[in-house]
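For the numbers below, each heavy atom of this structure counts, side chains included, while hydrogens, waters and symmetry mates do not. Proteins get letters first, then strands, A, B, ... in listed order; numbering begins at 1 in each.
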Number of protein chains: 2
Amino acid sequence: MRDDPDFDVEDFLPYLLNQAAEASSLEFQRVYNDRYGMLRNEWRVLFHLGIYGRMTASDIGARAQMHKTKISRAVQRLAERRYLIRQRDETDRRVEHLELTPTGQKVYADLRNVARDYNDALVEGLADADVARLRSVLRALAKRRG
Amino acid sequence: MRDDPDFDVEDFLPYLLNQAAEASSLEFQRVYNDRYGMLRNEWRVLFHLGIYGRMTASDIGARAQMHKTKISRAVQRLAERRYLIRQRDETDRRVEHLELTPTGQKVYADLRNVARDYNDALVEGLADADVARLRSVLRALAKRRG
DNA sequence: ATGTAATAGTTGTCTTTGTAACCAATAGGC
DNA sequence: GCCTATTGGTTACAAAGACAACTATTACAT
């Protein structure tokens, strides 16, 4: 195996991605936390339901790459706050359908707008083509299963 | 405020970055975990000491954007395993200098090589120019303080 | 139909993190 | 010098996460 002392952490993509991800989500995290006392997982679940409408915990898990226990707990807290309602599927009683309440939808709409503005600010100064390329690379990396 | 139902999570950069970061570090995480029982923070500290040599906890914190408690605990565990030694600064006795032991350096060299290979695999199929651009965008995003 | 496996979701336990409070030592103002 | 503020680092406790084990229900093979 070649031995390469010149390889720096700062070149290491997972590290760079992590730093970028953390720094770029900090500010937004404060918004959903301060305004609605939500945690990241709760925000994620809310967002998915807001965009895709009625869906099950498993659906969210598959889309968001979130473990089912995280979803279970996030759903619990969102239900307590009356941001969503749970409905048993009557043909398969293991399944629970989740849907935002009107309150939940208001919260979602608010946060979605903040997210959009925040996103605009993040990519400000970058060419559209570069942003598109960035997104596609990130999607490719995200798809890669460890 | 404009109301934009078309804005999707999948367009949201912090989300994409997180997904990419998580997916792309999974495999590597397993390596340092399985081989050396190390956690991410420990790996980060080890890596910094490996690359930059003797430095203090604060130095690492400043470079890696890591909170001092994370560093404190990581250093503790690395010291227990004799991967590093701590030396009080005699002119300012608050400060502690950290340095890898020969064992620590071996571990570092091993993981650095794995990281390099892993990184190569990650960017495989991407043009060098694209990778360079990606890095620079990520660095810019990481610098942004929330 | 009946026993085994699979699936949806929850709970329990242990580990890891976050935050704030805390020492100890130095720096700075007066 | 002396009092207060700052800095480097650790510790304590609560919150969040990982992971396996669990319940309930359905699917599937024979």
Side-chain angles (χ1 to χ4, degrees), chain A residues 18-19 21-23 25-27 29-30 32-34 36-45 48-49 54-81 84-99 146, chain B residues 18-19 21-23 25-27 29-30 32-34 36-45 48-49 54-81 84-99 146:
Chain A
N18 236 299
Q19 299 282 71
E22 235 155 79
S25 56
L26 252 179
E27 226 174 300
Q29 213 161 321
R30 265 201 294 275
Y32 58 70
N33 200 305
D34 292 355
Y36 304 106
M38 284 171 58
L39 303 171
R40 193 170 52 167
N41 290 332
E42 291 158 36
W43 170 71
R44 282 192 181 175
V45 167
H48 276 81
L49 290 173
R54 184 179 147 103
M55 62 198 300
T56 71
S58 301
D59 295 340
I60 298 175
R63 270 202 192 270
Q65 302 285 142
M66 273 171 82
H67 191 85
K68 56 187 182 173
T69 61
K70 283 186 184 176
I71 296 173
S72 174
R73 284 169 173 139
V75 166
Q76 235 168 320
R77 296 198 36 171
L78 291 171
E80 281 165 17
R81 285 157 203 259
L84 61 77
I85 50 166
R86 333 165 71 144
Q87 301 167 261
R88 275 269 160 245
D89 183 314
E90 285 308 326
T91 79
D92 183 345
R93 305 189 34 72
R94 289 170 303 185
V95 175
E96 213 171 40
H97 297 279
L98 307 170
E99 199 164 7
Chain B
N18 235 299
Q19 300 282 70
E22 235 156 77
S25 56
L26 252 178
E27 227 174 298
Q29 214 161 321
R30 264 201 295 277
Y32 58 67
N33 200 305
D34 292 355
Y36 304 106
M38 284 171 57
L39 303 170
R40 193 171 50 168
N41 291 332
E42 291 158 36
W43 170 70
R44 282 193 181 173
V45 167
H48 276 81
L49 290 173
R54 182 179 149 103
M55 63 199 300
T56 72
S58 301
D59 294 341
I60 298 175
R63 268 202 192 269
Q65 302 284 143
M66 273 171 83
H67 190 86
K68 56 187 183 172
T69 60
K70 283 187 184 177
I71 297 173
S72 173
R73 295 197 252 244
V75 166
Q76 234 169 321
R77 297 198 35 171
L78 291 171
E80 280 165 18
R81 285 155 204 260
L84 61 77
I85 49 168
R86 333 165 72 145
Q87 301 168 261
R88 275 268 160 245
D89 183 314
E90 286 307 325
T91 79
D92 182 345
R93 304 189 35 73
R94 289 171 302 185
V95 175
E96 211 171 42
H97 297 278
L98 307 169
E99 199 164 7

Measure the distance from [atom1] on [X] to [atom2] on [N] and round it to the nearest whole Å.
X: B:M66; N: C:dT16; atom1: CE; atom2: P; value: 14 Å
X: A:E80; N: C:dT10; atom1: CD; atom2: P; value: 12 Å
X: A:E96; N: C:dT7; atom1: CD; atom2: C1'; value: 14 Å
X: A:E90; N: D:dT26; atom1: CD; atom2: C1'; value: 14 Å
X: A:R88; N: C:dT7; atom1: CZ; atom2: C1'; value: 13 Å
X: A:Q29; N: C:dT19; atom1: CD; atom2: P; value: 9 Å
X: A:N33; N: C:dT19; atom1: CG; atom2: C1'; value: 13 Å
X: B:D89; N: C:dA24; atom1: CG; atom2: P; value: 19 Å

| task | Could you pull out the closest heavy-atom pair between B:N18 and A:A21, with the gap in Å? | result |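 Answer, listing the atom of B:N18 first, then A:A21: N-CB, 3.8 Å.
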| query | What are the two closest heavy atoms between B:V45 and B:A74, and how far apart are they? | reply |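 The pair with the smallest heavy-atom distance is CG2-CB, 3.9 Å.
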| task | Compare side-chain N and O positions of B:Q76 against OP1 and OP2 of D:dG9 and report whether any pair is under 4.0 Å apart. | result |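 No, B:Q76 has no side-chain N/O under 4.0 Å of OP1/OP2 on D:dG9.
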| query | Below 3.5 Å, does any donor atom in the side chain of B:R94 face an acceptor in the base of D:dT7, or the other way round? | reply |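 Answer yes: a donor N or O sits under 3.5 Å from an acceptor.
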| field | Interatomic spacing from CD in B:Q29 to CG in B:D34 - rounded to 0.5 Å | value |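 B:Q29 CD to B:D34 CG: 10.5 Å, rounded to 0.5 Å.
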| field | Nearest-0.5 Å distance, NE2 of residue B:H97 to CZ of residue B:R54 | value |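 Reported to 0.5 Å precision, the distance equals 4.5 Å.
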| Between the main-chain N or O of B:A64 and the side-chain N or O of A:Q19, is there a donor-acceptor pair closer than 3.5 Å? |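 It does hold such a pair.
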| A:D59 (side chain) donor-acceptor with A:T56 (main chain) under 3.5 angstrom |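 Pair found, side chain donor or acceptor close to backbone of A:T56.
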| request: Side chain of B:R93 only, please: which of D:dT26, C:dA25, C:dG9 is the nearest? | output: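 Side chain of B:R93 sits closest to C:dA25.
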| field | Any side-chain donor near an acceptor of the partner, A:N33 and A:R40, under 3.5 Å | value |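 Not at all, the side chains of A:N33 and A:R40 share no donor-acceptor pair under 3.5 Å.
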| remark: Going 5' to 3' through nucleotides 14-22 of chain D and flagging B where a protein heavy-atom sits under 4.0 Å of the base, S where only the sugar-phosphate is that close, and - otherwise, we get --SSBBB--
